[in-house]
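Remarks on the structure that follows.
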Amino acid sequence: MLNPSLEQRQVRIEKLNKFEEMGINPYPNIFKPNTTSDELNEKYKDLENGIETEDEVIVAGRIKAIRNSGMFIDVYDTTGKVQVYSSLKTLPEQELAKIDLFDIGDIIGVKGTVRRTKRGELSIAAKEFSMLSKSLLPLPEKFHGLTDVETKYRQRYVDMITNDDTVQTLKKRSLITAEFRKCLIEKGILEVETPILQPILGGANAKPFVTHHNTLEMDMYLRIAPELYLKRLIVGGLDGVFEIGRLFRNEGLSIKHNPEFTTLEVYWMYKDYFDMMDLCEELVKRSCMVANGTLQIKYGEKEIDFSQPFERRTMASLVKEHVGIDFMAIETDEEAKEKCKGVVEVNEADTWGDLMVRVFEERCEEKLEKPTHVMDHPISSSPLTKTHRADKRVVERFETYINGWEIANAYSELTNPLDQYNRFKDQVNRREAGDEEANMMDEDFCTALEYGMPPTGGMGIGMDRLCMILTNSPSIRDVIAFPTMRKLK
RNA sequence: GAGUGUGUAGCUCAGUCGGUAGAGCACCUGACUUUUAAUCAGGUGGCCCUGGGUUCGAAUCCCAGCACGCUCACCA
């Protein structure tokens, strides 16, 4: 990738040397612009065409275009474009010489006076140029920009310099995360940090990355979820905790999956899953608003409307509506298997709950484009969740679907230590039966619960996927600055 | 992991039936104090992803590999 023999690079190094011969450091330590493109456009929005002011300003930014042999230079700062105008008649020799040494991509500073050209472009009539950073490599073509996706992901800096959309998406991601923090902190929920290196895997079903600690002489896992640590903090007496952090899952990559991804996990004392639904909606709506300024957005061709309350539907009712099977009226596993034949694959060992989940995932999930909380999952699929207060067959859990994707997963947290122990045992059995993704026994977590954990609501939200939706990004790689890529050989 | 597509100048892309490697932008030289994808004239720039094979001759056909995209499977 680094190509020292590139002719254009050689030319630029020669120009760099010429700056040094002129006694100019092409990489100075400091430079202070005193305004920005945005500020100038606002302040001089009423300046008429062809009018020159005496107002002297200092701007700085990257050269994106040079026209008319340097007479017009487009300098972009972080807020936008400033056109720099240079007159052969008024500029001293030394300044004109600098223009000849400028290239597209250079970062320069310009001192000059504000004017608007005859054609209506707000400009700085240059008096003095400063080279702030000589760029040695040619940028992608101005019209098409950088489109090669591999280069976009591997050299995100080039993508950002060239494509403003990329910058805007990453900025929005930052705004979304910041709004999440703001919203949670406002409610008195504390931001905490829990181990990423974990000796026991837990809190989710997933294949882990394994690493090794030399001094401790033990293998460790990169976390697949922070859940069990966060709940220990609730046991300890923090009444609300959240963590926005990276999870690692050693599974396939796709347009919706990156090996490392970011979630919010939040646990809140004396709340249940209904409270978590409210919190979920507030977080999504507020972050949509800061990113887009509206609650009605487009994702591709689809319209997504966050202005209404999210739908709240039980999994069973959705299955009944879309497929016609009424699981709540089914009494036994055998009857469930009978009803599902010809609808989904049915295995001998399947339970009532396995089948309801399968029918839901295969026949209902992708239809949930409107924001919807899917509630009351079967107990078998949810080892950390409290049983439903009114129906022992299901748990107090919901998953929030937007655009057919699972965005949030939340429950009334299981707090009964004996129940929890048995559910871990069940997971361990599954693991021993070959299920690599089943939870491990976490005895210390059970011990924590034995000291007593108050009724608590918990929720996880996939930040990457939410960002995809809120930034109209077709791939998870578009919302991750540096997505996982294979090493180049 | 399976299927499929792509890989040619710094960037965006052409390249016909297998017969000397092309364009636009960028860069260099010159013209022009005019612009906004500035224009005009001339020029530089290539491991045609890598390695084999077929052939008198391969960017092109065949085989293998590498990287990336997409679809499917696992998964959030």
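Each chain gets a letter, A, B and so on, in the order the sequences are listed, and its residues count up from 1. The structure displayed is predicted, hence computed values, not measured ones.
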Please determine whether any donor N or O and acceptor N or O are separated by less than 3.5 Å between the side chain of A:Glu121 and the base of B:U35. no

Integer angstrom distance from the C1' of B:U55 to that of B:G19: 12 Å

Choosing from B:C74, B:C68, B:A38, which nucleotide comes nearest the side chain of A:Glu150? B:C68

Does a sphere of radius 6.0 Å around CD in A:Glu191 hold more than 12 heavy atoms from other residues, nucleotides or ligands, not counting ones at 6.0 Å or beyond? yes

Taking A:Val319's backbone N and O only, do any of them form a donor-acceptor pair with A:Arg363's side chain (distance below 3.5 Å, no angle check)? no

With rounding to the closest Å, how many angstrom separate the P atoms on B:C62 and B:G7? 14 Å

Judged by each residue's nearest nucleotide on RNA chain B, which is more toward the 5′ side, A:Lys118 or A:Arg249? A:Lys118

Rounded to whole Å, CD of A:Glu260 lies from P of B:A76 at a distance of 18 Å

For nucleotides B:A67 and B:A26, find the distance between their P atoms and express it as a whole number of Å. 35 Å

Against the side chain of A:Glu141, the closest entry in B:U35, B:C70, B:U12 is B:U12

B:G45 and B:U29: how far apart are their P atoms, nearest whole angstrom? 15 Å

Touch class at under 4.0 angstrom, heavy-atom based, for A:Asp464 against every strand present: nothing

Heavy atoms from C-beta onward define the side chain here; which of B:G10, B:A37, B:U35 lies closest to that of A:Phe143? B:A37

Please report the distance, rounded to the nearest Å, between CD in A:Gln8 and P in B:C11. 10 Å

side-chain N/O A:Arg486 vs B:C68 OP1/OP2, d < 4.0 Å: yes

Would you say a side-chain N or O of A:Lys15 is under 4.0 Å from OP1 or OP2 of B:C28? yes

Just how far, in rounded Å, is P of B:A26 from CG of A:Leu146? 17 Å

A:Ala65 or A:Ala206: which one's nearest nucleotide on RNA chain B is closer to the 5' end? A:Ala65

Measuring to OP1 and OP2 of B:C11, would you say a side-chain N or O of A:Lys142 lies under 4.0 angstrom away? no

Value in whole Å for how far the C1' atom of B:A26 lies from CG of A:Asp106: 13 Å

Ring geometry between A:Phe360 and A:Tyr401 (parallel below 30°, tilted from 30 to 60°, perpendicular above 60°): perpendicular

Side-chain donor or acceptor of A:Glu413 paired with backbone N/O of A:Gly458 under 3.5 Å: yes

Mind telling me whether A:His373 and A:Phe398 have parallel, tilted or perpendicular rings, with 30° and 60° as the class edges? perpendicular

What nucleic acid atoms does A:Asn250 come within less than 4.0 Å of, heavy atoms only: base, sugar-phosphate, or nothing? nothing

Salt bridge check: are A:Arg358 and A:Asp350 linked by an N-O gap of less than 4.0 Å? yes

Would A:Trp405 count as stacking on B:A76 if stacking means ring centres less than 5.5 angstrom apart and planes tilted under 30 degrees? no

If you look at every strand shown and take non-hydrogen atoms under 4.0 Å, does A:Gly462 touch a base, only sugar-phosphate, or nothing? nothing

Expressed as a whole number of Å, how far does the C1' atom of B:G18 sit from that of B:C48? 15 Å

Determine whether a donor-acceptor pair (one donor, one acceptor, N or O, separation below 3.5 Å) exists between the side chain of A:Glu406 and the base of B:A76. no

Run the salt-bridge test on A:Asp74 and A:Arg67 with the 4.0 Å N-O cut-off and return the result as yes or no. yes

Heavy atoms under 4.0 Å, any strand shown: does A:Gly145 hit a base, just sugar-phosphate, or nothing? sugar-phosphate

Please give, in whole Å, the distance from B:A2 C1' to A:Leu253 CG? 16 Å

Distance, rounded to the nearest Å, where A:Gln10 contributes CD and B:G45 contributes P: 14 Å

Just verifying a value: how many Å separate A:Glu179 CD and A:Glu282 CD, rounded to the nearest 0.5 Å? 9.0 Å

What's the shortest heavy-atom distance between A:Pro226 and A:Gln198, and which atoms? CA-NE2, 4.4 Å

Nucleic acid contacts of residues 40-53 of chain A, taken as heavy-atom distances under 4.0 Å to RNA chain B: none

Closest to the A:His144 side chain: B:C74, B:U12, B:A67? B:U12

For RNA chain B, what residues of residues 341-349 of chain A have any heavy atom nearer than 4.0 Å? none

Selected nucleotide, minimal atom distance to A:Arg154 side chain, candidates B:A76, B:A67, B:C28: B:A67

Send over the distance from A:Tyr411 OH to B:A76 C1', rounded to a whole Å. 13 Å

Are A:Arg477 and B:G69 close enough that a side-chain N or O sits under 4.0 Å from OP1 or OP2? yes

Between A:Lys98 and A:Phe129, is NZ or CZ placed under 6.0 angstrom from the six-membered ring centre and within 45° of the ring axis? no

Distance between C1' atoms of B:G3 and B:A73 (Å, rounded): 11 Å

Students often get this wrong, so: under 4.0 angstrom with heavy atoms, is A:Glu437 touching a base, only sugar-phosphate, or nothing? sugar-phosphate

Can you tell me, in whole Å, how much space there is between the P of B:C11 and that of B:G53? 30 Å

Of the listed nucleotides (B:C28, B:U12, B:U35), which one gets closest to any side-chain atom of A:Asn68? B:U35

Could you tell me how far B:A37 sits from B:U16 if I compare only their P atoms? Round to whole Å. 34 Å

Within 6.0 Å of NZ in A:Lys367, more than 12 heavy atoms from elsewhere: yes

Reckon A:Arg67 has a side-chain N or O less than 4.0 Å from the OP1 or OP2 of B:U39? no

It should be established whether A:Thr147 places a side-chain nitrogen or oxygen under 4.0 Å from OP1 or OP2 of nucleotide B:C13. yes

A:Arg119 side chain: which of B:U35, B:C11, B:G69 is closest? B:U35

Any base atoms under 4.0 Å from A:Leu247, or only sugar-phosphate, or nothing? Heavy atoms, all strands. nothing

Ignoring hydrogens and angles, tell me if any N or O in the side chain of A:Asn163 forms a donor-acceptor pair with the backbone of A:Asp165 under 3.5 Å. no

At less than 3.5 Å, do the side-chain atoms of A:Thr117 and the base atoms of B:U35 form a donor-acceptor pair? yes

Donor-acceptor check, side chain of A:Glu251 to backbone of A:Lys207, threshold 3.5 angstrom: yes or no? yes

Rounding to a whole Å, what distance do you find between A:Glu251:CD and B:A73:C1'? 12 Å

